Amino acid sequence: MTSEEQKQAENRARPTTDEFRAFVAEDWAPRRPSATEPSPAAPYAAQRRAAVSKAFAGDRLVIPAGGLKVRSNDTDYVFRPHSAFAHLTGLGGDREPDAVLMLEPRDEEHGGGHEAILFFRPLAGRDSDEFFADTRYGEFWVGARPTIEDLETELGLTARHIDEFADAAVKDSGEITVRLVRDADRDLTRQLDAARTSESAEGTEADQASTLAEADDALAAFLSHLRMVKDEWEVEEMRKAVAATHVGFEAVIADLPEAVAKGRGERWVEGVFGLHARHQGNGIGYDSICAAGDHATTLHWIKNTGDLREGDLILLDAGVEMDSLFTADITRTLPASGTFTDAQREIYDAVYAAQEAGLAAVKPGNKFSDVHAAAIRVIAEHLHRWGLLPEGVDVEGTLDKEHGQYHRRWMVHGTSHHLGIDVHDCALATRAQYMDAELRPGMVLTVEPGLYFKADDLKAPERFRGIGVRIEDDVLVTEDGCENLSAAMPRTSTDVEAWIAGIWGR
Ligand code: GLY
Ligand code: MN
Ligand code: MN
């Protein structure tokens, strides 16, 4: 505790007498027998752990959930576990702050492989100060936490009190390789780094630190790549996330006239989508981009402070995250009036054509990067047709990776990324595993070309200025192509108009 925190704690401390302690501890009905069921995610998490165990035979692996983060003074952000922890335990939502999953190597006599041990802070007794006084973890403040038995039943692994973690983590250190997911919990990383380096070991402190970082990075990269091909349970979660997102988009469409009338329409749209995200799932998977008019040309417009005007398009890039933390990532660009203008439609139809080309390239045998190549070619063709590329530069000229790339002025981002527990999933996979890898059944990725003409872009035709369009869908790679998981959400310009009209009852 810093002296500042100490001072605040003292400022607000209430007297706690022994008499009160005794009084608050007594006369509670026995705790109800736990009703915890095994989690449907548990067998899948066990399979994932088995893959990790095989890849890191004999090593101790430490995968922290992370801790609560202060938002301001004594209030924290809602907790979200580290994605690797969620993937390997099956825990999602806001569970479990400060927990650590350890995969402890087992000798052959005891079956080999690893034992999965989840260290966490279990429910404290009613005779503890935590029960009534701990605003972060106490039952009076945040509700009852699971017991050791609850978590063992739910997840099908060994659970222990977090207080036992520190000793377990450094047991036999020097004789065993301990690998850690470093970015989950800064304090724990510092402690474990100190425990893993020693004066007596070979090499300088810097050498030891770099060896540790290498061992840790190999684990992090493996865990990120492990999420690339989704199992059947994960695919089902993705379907649910997409269906929930569809509900959110339709609620926004229903409220577009309200958003125009109210002022600060972007915030209204953000709120309406957020309401449904929270109602349908755990919440939004990432900050919603609610970008009206020229704001749509700012790729990560999440301020959402603008008005929505009658003649504007609104680019809504939003996704619902389920309790499992799997999230959708979908964009529709919608005319606030219900009808595209000629210029808006011209751009929209170009982006649609690019998306169709990208979707057609999603099939096993093609490389991940082929999807972008297919979509960006169509973007380049339109820019060429519109006369926007420099004099003498044709489609091949702009697509040239060494000398060209002029089209990127109007679509600077990639067309696709993997999608799952992280909106940009599998981000630590190598180029060979990601960009240059062949698509395989079970992968889930986005296809999301766009065109963005800024209001002050003097190279853009005047009629295009201040218009940004992106269309983004979430697709599952199948044996012979792909399934567009978000196909139920209309995409062509005329289908979008009919969608809006249908929701407005016109
Ligand atoms: N919503 C961020 C993205 O589309 O990648
Ligand atoms: Mn998106
Ligand atoms: Mn995306």
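Just so you know, ligand 1 is whichever comes first in the structure, and atom 1 is the first atom listed for that ligand. Worth knowing before you read on, the calculation uses all heavy atoms, side chains too, and leaves out hydrogens, waters and symmetry mates. Computed from a predicted model, the values in this text were never measured in an experiment.
On a distance-only criterion, Arg470 and ligand 1 share no N/O pair closer than 3.5 Å.
For ligand 1, the atoms lying closer than 4.0 Å to a non-hydrogen atom of Tyr286 are 1 (N). Atoms of ligand 1 lying under 4.0 Å from any heavy atom of His424, numbered from 1 in the order shown and given with element: 2 (C), 3 (C), 5 (O). Each of the following atoms of ligand 1 lies closer than 4.0 Å to a heavy atom of Glu472: 4 (O).
For His424, every N, O or S atom stays at 2.8 Å or more from the Mn ion (ligand 3).
In this structure, the protein non-hydrogen atom closest to atom 3 (C) of ligand 1 is Asp329 OD2, 3.4 Å. Scanning the protein for heavy atoms near atom 4 (O) of ligand 1, the closest one is Glu448 OE1, 3.0 Å.
A cation-pi arrangement, defined by a distance under 6.0 Å to the six-membered ring centre and an angle within 45 degrees of its axis, is absent between Arg491 and Tyr352.
Ring geometry, Phe453 versus Trp410: the interplanar angle falls from 30° to 60°, so the pair is classed tilted.
Our summary of the site lists the angle at the Mn ion (ligand 2) between OE1 of Glu472 and OD2 of Asp317 as 100°, to the nearest 10 degrees.
Looking at Asp329 and the Mn ion (ligand 3) together, the shortest N, O or S contact belongs to OD2. Atom OE2 is the N/O/S atom of Glu448 found closest to the Mn ion (ligand 3).
Contact check on Arg190 versus Asp187 returns a salt bridge, with a Lys/Arg side-chain nitrogen under 4.0 Å from an Asp/Glu carboxylate oxygen.
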Checklist line | Derivation and outcome, salt bridge (charged side-chain N to carboxylate O under 4.0 Å, His left out), residues Lys367 and Asp370 | finding: CA-CA 5 Å; Lys367 286 198 298 192; Asp370 290 339; 5.5 Å; no
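For the atom pair Thr492 OG1 and Ile471 CD1, the distance stands at 9.0 Å (nearest 0.5 Å).
The residue from Leu383, Ile379, Val351 that alone fulfils the side chain to side chain contact (heavy atoms under 4.5 Å, CB included) condition with Met411 is Ile379.
Side chain of Asn282 to main chain of Met322: no donor-acceptor pair is present (N/O by atom type, distance under 3.5 Å, no hydrogens or angles).
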